[in-house]
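Computed from a predicted model, the values in this text were never measured in an experiment. Reckoned from all heavy atoms, side chains included, excluding hydrogens, waters and symmetry mates.
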Amino acid sequence: MLKQNGYAQYQNARIMTASPAELTLMLYEGAIKFGNIAVLAMENKDPAKAHENVVKVEKIIQNFRDTLDKKYPVWQEFEKIYVYLLRRCHEANIAKDPKIMEEVVTHIRSMRDNWKEVMKKVAGDKSNPAAQARVAGGQKNSASYTASTAARRTGT
């Protein structure tokens, strides 16, 4: 019990001190983790656990979808991707098909990897200190964080 409480405190502190870019990365990581758990549950014929974890993946994808900033034309492309991933999650959940869920996880992993590259490039761009600060965090990083702010900053 004590170890769990300590871990929960660590996770909470990690979230509260993360920059918007880091929070986005954490969401990708969470979706991958829950997707992998769902795949294993499907393979082990545990429909309740599979369902629970597919729903977690769907909620993360829906959060990305809900926070799209429509003032940037690229939002429409992200919308299509998110709608597709949500549909595939639904299909995987109904059929309890681990192959479909693996496909979803593969796409999310690719998006996560691209996001990491964006973070590296922005962090290394010495000509844009404001962008560097947003990626690296700062004193106010998550205290004033909202999902819509993250969407504007990240283009998701």
Can you name the closest pair of heavy atoms from [X] and [Y] and give their distance?
| X | Y | value |
| --- | --- | --- |
| K96 | P98 | O-CD, 3.3 Å |
| M101 | A92 | N-CB, 3.8 Å |
| V57 | A31 | CG2-O, 3.5 Å |
| L68 | F78 | CD2-CB, 3.5 Å |
| C89 | I61 | SG-CD1, 4.1 Å |
| M42 | V54 | CE-CG2, 3.6 Å |

Below 4.0 angstrom, N of the basic side chain to O of the carboxylate: do [X] and [Y] qualify?
| X | Y | answer |
| --- | --- | --- |
| K56 | E52 | yes |
| E117 | K121 | no |
| E102 | K99 | no |

With a 4.5 Å limit on heavy-atom distance, are the side chains of [X] and [Y] in contact?
| X | Y | value |
| --- | --- | --- |
| L23 | M26 | yes |
| D113 | R109 | yes |
| F64 | T24 | yes |
| L40 | N36 | no |

Within 6.0 angstrom of H107 NE2, more than 12 heavy atoms from elsewhere: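 Correct, the count exceeds 12.
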Heavy-atom neighbours of K49 NZ exceed 12 at 6.0 Å: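 For K49, atom NZ is not crowded (no more than 12 foreign heavy atoms under 6.0 Å).
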Rounded distance (nearest 0.5 Å) linking atom CD1 of I32 with atom CD1 of I37: 12.0 Å
Separation of Q76 CD from I81 CD1 (nearest 0.5 Å):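 Spacing of CD1 (I81) from CD (Q76) equals 12.5 Å.
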Is [Y] reachable from [X] through a run of hydrophobic residues whose side-chain heavy atoms are each under 4.5 Å from the next?
| X | Y | result |
| --- | --- | --- |
| I94 | F34 | no |
| W75 | Y72 | yes |
| V55 | Y82 | no |
| I60 | V39 | yes |
| W115 | Y84 | yes |

Side chain to side chain contact (heavy atoms under 4.5 Å, CB included) evaluation trace for D97 with E91: CA-CA 8 Å; D97 186 336; E91 291 168 356; over 6 Å; no
Worked verdict on Y28 versus I108 for side chain to side chain contact (heavy atoms under 4.5 Å, CB included): CA-CA 7 Å; Y28 281 124; I108 296 170; 4.0 Å; yes
Expected output: side-chain N44 to main-chain D46 donor-acceptor under 3.5 Å: no
Full working for salt bridge (charged side-chain N to carboxylate O under 4.0 Å, His left out) between K33 and E29: CA-CA 6 Å; K33 172 186 164 185; E29 295 288 351; over 6 Å; no
